[in-house]
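Structure first, then comments.
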Amino acid sequence: MCGYMTITRIEEFGKNRNKIYIEGGPTFVLYRGELRMLDIHEGEEISEAAYARIFNEILPKRARLRALNLLKSREYTSYELKKKLRDGYYPENIIDEAVGYAADYRYIDDLRYAVDYITSHEASRSRRRIEHDLMNRGITPDMLEHAWLIWEEKGGIQDEQGMIKRLLEKRHYDPQTDDIREKRRTYAFLIRKGFNDDAVRRAMKATL
C-alpha cells in the first residue's frame with residue numbers, strides 16, 4: 001500500500017463485528033476487539049502497519065479457517081466456496097488464496113464433486129438436469145465431460161426411460177384414458193425435469 005487510506009465508514013455486521021469501508025480499498029470485516037487493537041476509527045487514516053496486519057495476517061488466516069469450517073458440514077465446489085466467503089466480505093485475493101489452500105490439501109476437488117454428484121443422482125435425475133445443476137455450481141463443460149467419462153469407467157449406467165416410466169406411474173398416466181390436455185401437462189412436466197423430447201414421447205407412447 002502506498003501512503004495512507006481513510007476509513008470512510010464503520011457499521012455493525014452481526015454480533016461483535018463491524019464492516020469497514022476504506023477509501024480506495026476493499027470492504028472487509030473485523031471484530032470490535034480488533035478495531036481497538038489496531039486503533040481504527042471512522043474518518044481517520046489507517047496506518048500501513050495496521051493495513052499490512054489485516055491483509056497479510058488476520059483476514060487470510062480467518063478466511064482459511066472459515067473455508068475449512070464450511071467444508072466440515074458438506075462438500076462445496078470452488079465456485080460455491082468462493083461465494084460463501086464473499087458473503088463474509090473477504091477481499092477477492094484472500095478468497096482465492098483460501099480456496100487454493102483448501103484445494104491443495106484436497107479438501108475441495110471439483111472433479112470429485114462432479115463425479116459424486118452424478119453417482120448420487122444417476123437414478124433420479126436426467127443427464128440434462130444433472131449437468132444444469134453442476135454448471136450452476138461452477139463446474140465447467142470440460143470438467144463435466146471428464147466427470148461423465150470417469151462415472152462411466154466406474155460402471156455408471158443411467159436408465160432415463162425407466163426414470164420417465166416411474167414418473168408416469170406416479171402421475172397415474174394412462175395414454176388410453178388421459179385427454180389431450182392432461183397428456184400435454186404430463187409432457188411439459190417431464191420436459192421440465194430435463195428429459196429430452198424423443199425420450200418423453202417414446203415413454204408416453206403418444207403423439208402430442
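When each of I118, V115, T119 is checked for a side chain to side chain contact (heavy atoms under 4.5 Å, CB included) with K154, only V115 meets the rule. When the options R127, R128, R129 are evaluated for a side-chain hydrogen bond (donor to acceptor under 3.5 Å, both in side chains) with E131, the one that passes is R127.
Side-chain N/O atoms of Y113 and R137 include a donor and acceptor closer than 3.5 Å.
A cation-pi geometry, defined here as NZ or CZ lying under 6.0 Å from the six-membered ring centre and within 45° of its normal, does not hold between R66 and Y90. Cation-pi geometry between R74 and Y76 is met: under 6.0 angstrom from the ring centre, within 45 degrees of the axis.
Under the salt bridge (Lys or Arg N to Asp or Glu O under 4.0 Å) criterion, R36 pairs with no residue at all, not counting sequence neighbours.
Put simply, the side chain of L38 does not reach to within 4.5 Å of the side chain of I46, judged on heavy atoms. With contacts defined as side-chain heavy-atom distances shorter than 4.5 Å, the pair I40/I10 qualifies. Under the 4.5 Å side-chain criterion, counting only non-hydrogen atoms from C-beta, E182 is in contact with R185.
Tracing side-chain contacts under 4.5 Å through hydrophobic residues (I, L, V, M, F, W, Y), one reaches L85 starting from Y107; they form part of the same cluster. No single ILVMFWY cluster, assembled from side-chain heavy atoms under 4.5 Å apart, contains both L190 and I130.
Annotation: ring-ring contact (aromatic ring centres under 6.0 Å, His included) contacts involving residues 23-42, sequence neighbours excluded, comprise F28-F55.
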